Amino acid sequence: MKKAIIIGATSGIGLEVARLLLRRGWRIGVAGRREEALQALRSTAPERVETARIDVTRDDAPERLRALIDRLGGMDLFFLSSGIGYQNPTLDPNIELRTARTNVEGFTRMTTAAFDYFRQQQTEGRLPSEGGHIAVISSIAGTKGLGAAPAYSATKRFQNTYIDALEQLARMQHLRICFTDIRPGFVATDLLRGGNYPMLMRPERVAQHIVRALEQRKRVAIIDVRYRLLVFFWRLIPRTIWKQMPVGRKNEE
């Protein structure tokens with residue numbers, strides 16, 4: 001039975017991916033900050049779900065992750081869905097720095113912990129022949145800086161680059177680790193509430209695309225085809241034009 005650890009499984013995309021993996025017969029370890037939500041998920045399949053309260057911004061998060069892996073009996077897939085973001089056109093420094101603590105510091109803390117786990121497993125001869133799998137939720141927001149959400153879009157670019165670097169490091173060290181960078185489009189969450197965002201998608205639909213990408217072990221998954229086209233054209237827009245585009249701007253009253 002395949003085993004997955006899902007960080008950020010108490011709501012949104014992480015919760016929906018957890019539900020889908022359970023339906024496919026996986027055994028899962030789920031983590032987040034809200035104990036009630038974790039227990040509610042566990043009650044749906046108590047024999048196949050382990051839980052842990054993990055705050056990715058805390059120094060003890062890797063230790064708690066390892067304890068969860070041990071209770072689960074191992075890990076084939078590490079799936080990081082934990083992240084925050086806000087529209088912050090006033091540039092409140094508390095919001096910008098809190099976003100960086102979760103999406104940069106917390107992201108780095110957890111992905112390196114997963115990388116070290118798989119590296120240790122291979123060194124000890126316990127890594128399956130197909131290798132380990134590290135998958136993260138980043139965003140198409142990393143394609144260009146969004147004026148309405150500066151820290152969010154910048155931290156997502158960091159995540160894209162960090163996974164590129166880990167993939168290269170794994171190759172340099174001859175490690176059997178597969179990486180999947182999942183870049184959803186605009187998903188109907190609190191972050192985007194009230195903004196001028198096109199083509200909002202429901203978390204349930206996004207999760208279906210994600211699980212298919214995980215099963216196919218895709219390297220980069222932009223969800224869905226509409227957003228693949230959007231990102232293609234975004235990349236072609238000159239900076240002088242991009243800075244004049246009101247992407248994510250609040251609707252005027």
Side-chain angles (χ1 to χ4, degrees), residues 5-18 30-38 41 51-62 64-65 68 78-114 134-163 180-197 200-204 206-207 210 221-223 227 247-250:
I5 296 289
I6 304 170
I7 309 294
T10 56
S11 64
I13 294 173
L15 175 60
E16 296 303 327
V17 168
V30 292
R33 292 184 296 179
R34 295 190 292 121
E35 185 68 28
E36 289 185 5
L38 293 173
L41 179 58
T51 68
R53 190 178 186 279
I54 297 178
D55 182 343
V56 300
T57 67
R58 294 179 60 90
D59 291 339
D60 66 354
R64 289 175 177 267
L65 170 62
L68 179 60
F78 174 80
F79 182 79
L80 181 60
S81 182
S82 179
I84 62 172
Y86 305 90
Q87 294 192 49
N88 188 27
T90 64
L91 294 181
D92 180 334
N94 291 324
I95 291 176
E96 298 296 273
L97 293 172
R98 186 162 66 247
T99 302
R101 276 193 294 273
T102 298
N103 295 357
V104 174
E105 181 184 333
F107 177 92
T108 303
R109 179 177 286 115
M110 302 314 292
T111 53
T112 55
I134 295 176
V136 301
I137 297 287
S138 61
S139 172
I140 66 165
T143 306
K144 294 275 191 179
L146 300 178
Y152 180 73
S153 53
T155 57
K156 292 303 175 179
R157 176 68 68 85
F158 171 89
Q159 294 175 356
N160 301 154
T161 304
Y162 202 84
I163 290 301
T180 300
D181 183 352
I182 300 159
R183 305 177 185 179
F186 301 126
V187 184
T189 64
D190 290 341
L191 167 65
L192 304 184
R193 185 172 297 163
N196 183 27
Y197 291 89
L200 282 175
M201 296 187 296
R202 300 299 307 167
E204 298 87 347
V206 173
I210 288 172
I222 298 175
I223 301 169
Y227 285 101
V247 179
R249 185 179 64 189
K250 291 286 188 179

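Values below: all heavy atoms of this structure, side chains included; hydrogens, waters and symmetry mates excluded. Everything numeric here is computed off the predicted structure, so don't read it as measured data.
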Partner residues of Glu204 under the salt bridge (Lys or Arg N to Asp or Glu O under 4.0 Å) criterion, sequence neighbours left out
Arg202

Tell me every residue that passes side chain to side chain donor-acceptor pair (under 3.5 Å) with Asp181, counting only those two or more places apart in sequence or in another chain.
Ser138, Asn160, Arg183

Could you measure the distance from the CG atom of Leu80 to the CD1 atom of Ile6? Nearest 0.5 Å is fine.
11.0 Å

To the nearest 0.5 Å, how far apart are CD1 in Ile140 and CD1 in Ile182?
14.5 Å

Among residues at least two apart in sequence or on other chains, which ones pass side chain to side chain donor-acceptor pair (under 3.5 Å) with Thr57?
Asp55

Residues forming a salt bridge (Lys or Arg N to Asp or Glu O under 4.0 Å) with Asp59, sequence neighbours excluded:
Arg109

Nearest heavy atoms of Gly14 and Phe79, plus distance in Å
CA-CE2, 4.5 Å

If you apply the rule side-chain contact (heavy atoms from CB on, under 4.5 Å), what do you find for Ile210 with Ile13, and how did you get there?
CA-CA 9 Å; Ile210 288 172; Ile13 294 173; 3.4 Å; yes

Check: Ala31 main-chain N/O paired with Arg53 side-chain donor or acceptor under 3.5 Å:
no

Measuring from atom CD1 of Ile95 to atom OH of Tyr152, what distance do you get when rounded to the nearest 0.5 angstrom?
15.0 Å

Which heavy atom in Pro203 sits nearest to a heavy atom in Gly12, and how many Å separate them?
CB-C, 4.1 Å

Taking salt bridge (Lys or Arg N to Asp or Glu O under 4.0 Å) as the definition, give me every residue that meets it alongside Glu96, ordered by chain and number, with sequence neighbours left out.
none

Candidates Val136, Leu65, Thr111 - the one meeting side-chain contact (heavy atoms from CB on, under 4.5 Å) with Ile7:
Leu65

Closest approach of Pro150 and Ala148, non-hydrogen atoms and distance?
CD-C, 3.7 Å

With Val56 as reference, evaluate Asn103, Thr102, Thr108 under the side-chain contact (heavy atoms from CB on, under 4.5 Å) test and give the passing residue.
Thr102

How long is the gap from CD on Glu105 to CZ on Arg58, to the nearest 0.5 Å?
11.5 Å

Please report the closest heavy-atom contact between Val206 and Ile223, naming both atoms and the distance.
O-CD1, 4.2 Å

For the atom pair NZ (Lys156) and CZ (Phe107), what is the distance rounded to the nearest 0.5 Å?
8.0 Å

Minimum heavy-atom separation for Ala9 and Leu41, please, with both atom names.
O-CD2, 4.2 Å

Indicate yes or no for a side-chain donor-acceptor contact from Arg34 to the backbone of Thr10 under 3.5 Å, with no hydrogens or angles considered.
yes

When you compare the side chain of Gln159 with that of Ile163, does any pair of heavy atoms fall below 4.5 Å?
no

Non-neighbouring partners of Thr143 that pass side chain to side chain donor-acceptor pair (under 3.5 Å), sequence neighbours left out:
none

Please round to the nearest 0.5 Å and tell me the distance separating atom OG1 of Thr99 and atom CG of Asn88.
7.5 Å

I need the minimum non-hydrogen distance between Leu146 and Ala141, along with the two atoms involved.
CD1-CB, 3.9 Å

